[in-house]
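Report on the structure given below.
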Amino acid sequence: MIVVKFGGTSVGDAEAIERAADIVKGRLARQPAVVVSALGGATNSLLAIGEQSAKGHLIGALRGVETLRDRHFEQCEKLLGTSSEASDVAGEMSATFDELASLAEALSILGHATPRSFDAIAAFGEQLSSHLVAAFFKVRGIPAEHIDARDVFITDNNFMSAEPQTDAIADNARDVVQPLIQDGKVPVMAGFIGRTTGGITTTLGRGGSDYSASLLGAALHADAIEIWTDVDGMLTADPRVVKGSKLIEQIRFDEASELATFGAKVLHPNTIAPAVRLGIPVFIYNSRNPDGKGTRITFDAPRRAVSAIAGKGGITLVKVGAAKMLFARGFLRRVFEIFEKNGVSVDVVATSEVSVSVTVDDPSGLESLVVDLSSLGDVSVERDRAIVAVVGAAISEDSGAMGRAISALDGIKVHMMSLSATGINLTIIVEGDQLNPALDRLHNAFFGKAKK
Ligand code: ADP
Ligand code: ASP
Ligand code: MG
């Protein structure tokens with residue numbers, strides 16, 4: 001069997017859902033299980049409704065609910081028309097939007113929303129899209145069966161970024177999904193959402209539908225996991241930032257994972273781990289160009305010095321230094337214990353004899369961290385930094401590549417640099433506003449200038 005995941009733009013409107021149906025129809029012999037995102041942009045709208053409600057702006061929130069309701073009903077009408085599926089789905093959608101409006105009212109009375117409430121609200125997007133897609137697939141003659149993803153994806157209660165419980169997911173996939181596939185059905189379910197063992201709705205974090213797809217693929221020992229999106233595959237850089245970025249036809253799991261972690265949004269950073277464990281190939285395809293080659297992610301792609309470049313902004317750099325720690329034993333241990341105690345996770349680290357520099361993705365909780373670190377030495381915090389990652393399986397063996405990366409950044413202030421222990425990722429910290437110029441220059445250096 002295979003897992004076929006469609007992202008937001010690939011189910012964004014009736015035309016996109018029709019293309020998705022054609023893609024699935026062409027794969028019926030491979031026993032697909034389908035995972036879908038919310039209609040493109042719906043999650044942002046839902047979270048905005050949550051925020052407005054919590055601020056007491058109920059009218060704005062309810063207008064947001066109505067806009068989303070209209071959008072879904074318009075696409076539903078186009079897709080299902082007067083078919084027998086239409087009234088079931090319309091009834092289901094109507095009840096869902098009523099529930100959303102009640103939740104908005106409740107939050108506006110409370111004047112406050114917790115991560116748990118945001119998950120309850122965000123989850124509506126995938127619930128709606130998965131019902132609509134499953135119903136349309138049936139109309140198109142696909143033997144689709146909707147499954148409530150929350151019956152499969154059990155997580156912890158770390159709302160808005162819940163940790164999946166892989167054993168429970170494997171059991172549920174065997175009990176709930178596998179029998180349908182064996183029966184010749186095509187299960188269709190929401191990505192992104194799950195529930196705790198206590199039954200509370202959770203989400204896997206933004207972009208988490210990719211992760212749902214790979215968790216399901218691993219649980220069912222799939223032959224392949226296909227991620228259908230709005231670009232031709234994994235490219236040498238984000239095409240929205242760098243003109244002339246090129247398709248990578250094959251890339252290794254570890255390279256793809258580094259790229260996703262350091263900003264290549266085409267894959268959620270956690271997508272690779274479940275696939276790697278079982279060696280399941282992950283493919284990325286463009287739903288608007290279904291005959292394209294796409295990208296194949298496996299263990300055995302060619303080893304290149306540089307495969308691609310990624311980057312992300314909004315990074316905070318924390319530096320701890322003091323002459324008194326010169327040669328002090330246990331200093332690094334103490335630094336990282338303080339990060340752990342404060343629940344601040346660390347991305348990139350560089351050390352010297354007298355200082356340690358660390359990047360932090362999420363600056364919440366930094367105040368108490370700084371107070372604790374001050375007991376070890378001088379602490380400085382630099383906000384609005386960006387990380388640029390140059391990723392390639394053989395980068396550390398290619399001295400020319402390192403030199404080229406550094407000279408490409410001539411004139412751009414570099415705050416920190418680190419080569420990962422695996423030797424496949426050179427990360428460079430620059431000022432926030434230098435992110436795009438740095439990506440552009442590095443891309444030019446390794447992949448040539450964009451053709452005008
Ligand atoms: P989906 O809704 O299908 O999950 P996303 O918006 O999450 O789609 O991811 C696709 C987007 O990822 C692309 O439109 C592109 O702008 C961005 N992206 C960033 N880096 C890369 C890269 N290296 N290769 C391809 N796309 C990338
Ligand atoms: N709909 C969710 C989001 O926008 C999950 C996803 O699309 O992967 O973050
Ligand atoms: Mg995505």
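We count ligands from 1, going down the list as the structure has it; atoms in each ligand are counted the same way. Reckoned from all heavy atoms, side chains included, excluding hydrogens, waters and symmetry mates. Fair warning: this is a prediction, and the values are worked out from it, not measured in the lab.
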What protein heavy atom sits nearest atom 19 (C) of ligand 1, and how far away is it?
Asp238 CG, 3.2 Å

Which protein heavy atom lies closest to atom 5 (P) of ligand 1, and at what distance to 0.1 Å?
Lys265 NZ, 3.8 Å

Of the backbone atoms (N, CA, C, O) and the side-chain heavy atoms from C-beta on, which set of Lys5 has a member under 4.0 Å from an atom of ligand 1: side chain, backbone, both, or neither?
side chain

At a non-hydrogen distance cut-off of under 4.0 Å, which region of Ala237 contacts ligand 1 (side chain, backbone, both, or neither)?
backbone

At what distance is the nearest protein heavy atom to atom 24 (N) of ligand 1, and which residue and atom is it?
Leu235 N, 2.9 Å

Under a 3.5 Å threshold, yes or no: a donor from one side chain and an acceptor from the other, between Ser245 and His443?
no

For Met234, the ligand 1 atoms whose distance to one of its heavy atoms is below 4.0 Å:
24 (N)

Under a 3.5 Å distance rule, please check whether Thr295 uses its side chain to pair with a backbone N or O of Ile248 as donor and acceptor.
yes

Ligand 1-proximal atoms of Val231, by part, heavy-atom distance under 4.0 Å
side chain

For ligand 1, find out whether one of its N or O atoms is nearer than 3.5 Å to an N or O atom of Val266.
yes

Which donor-acceptor pairs under 3.5 Å do the side chains of residues 190-207 make with protein atoms, sequence neighbours left out?
from: Arg195; atom 1: NH1; to: Arg150; atom 2: O; distance (Å): 3.4
from: Arg195; atom 1: NH1; to: Asp151; atom 2: OD1; distance (Å): 2.8
from: Thr196; atom 1: OG1; to: Gly198; atom 2: N; distance (Å): 3.2
from: Thr196; atom 1: OG1; to: Gly199; atom 2: N; distance (Å): 3.2
from: Thr196; atom 1: OG1; to: Ile200; atom 2: N; distance (Å): 3.1
from: Thr201; atom 1: OG1; to: Arg150; atom 2: NH1; distance (Å): 3.1
from: Thr202; atom 1: OG1; to: Thr155; atom 2: OG1; distance (Å): 2.8
from: Thr202; atom 1: OG1; to: Gly194; atom 2: O; distance (Å): 3.3
from: Thr203; atom 1: OG1; to: Asp119; atom 2: OD1; distance (Å): 2.8
from: Arg206; atom 1: NH1; to: Asn44; atom 2: OD1; distance (Å): 3.0
from: Arg206; atom 1: NH2; to: Asn44; atom 2: OD1; distance (Å): 2.9

Contacts of type side-chain contact (heavy atoms from CB on, under 4.5 Å), residue Val346, not counting sequence neighbours
Phe336, Phe339, Val349, Val358

Polar proximity ligand 1 side, Asp230 side, N/O cut 3.5 Å exclusive:
yes

Hey, which residues fall under 4.0 Å of ligand 2 on heavy atoms?
Ser37, Thr43, Glu126, Phe192, Arg206, Gly207, Gly208, Ser209

Would you say the side-chain atoms of Lys312 pair up with the backbone N or O of Thr261, donor to acceptor, closer than 3.5 Å?
yes

Any N/O pair Gly8/ligand 1 closer than 3.5 Å:
yes

Set of side-chain hydrogen bond (donor to acceptor under 3.5 Å, both in side chains) partners for Asp98, sequence neighbours left out:
Arg69

Pair Glu431, Lys413 - check salt bridge (charged side-chain N to carboxylate O under 4.0 Å, His left out), show working.
CA-CA 7 Å; Glu431 312 259 325; Lys413 186 166 164 43; 5.3 Å; no

Of all the atoms in ligand 1, which lie at a distance below 4.0 Å from a heavy atom belonging to Gly233?
24 (N), 25 (C)

Answer yes when Asp230 and Arg288 have at least one side-chain N-carboxylate O distance shorter than 4.0 Å, and no when they do not.
no

Look at atom 8 (O) of ligand 1 and say which protein heavy atom is nearest, naming residue and atom and giving the distance to 0.1 Å.
Thr229 OG1, 3.2 Å

One thing to verify: whether Asp22 and Arg140 come together as a salt bridge, which I'm taking to mean a side-chain N less than 4.0 angstrom from a carboxylate O.
yes

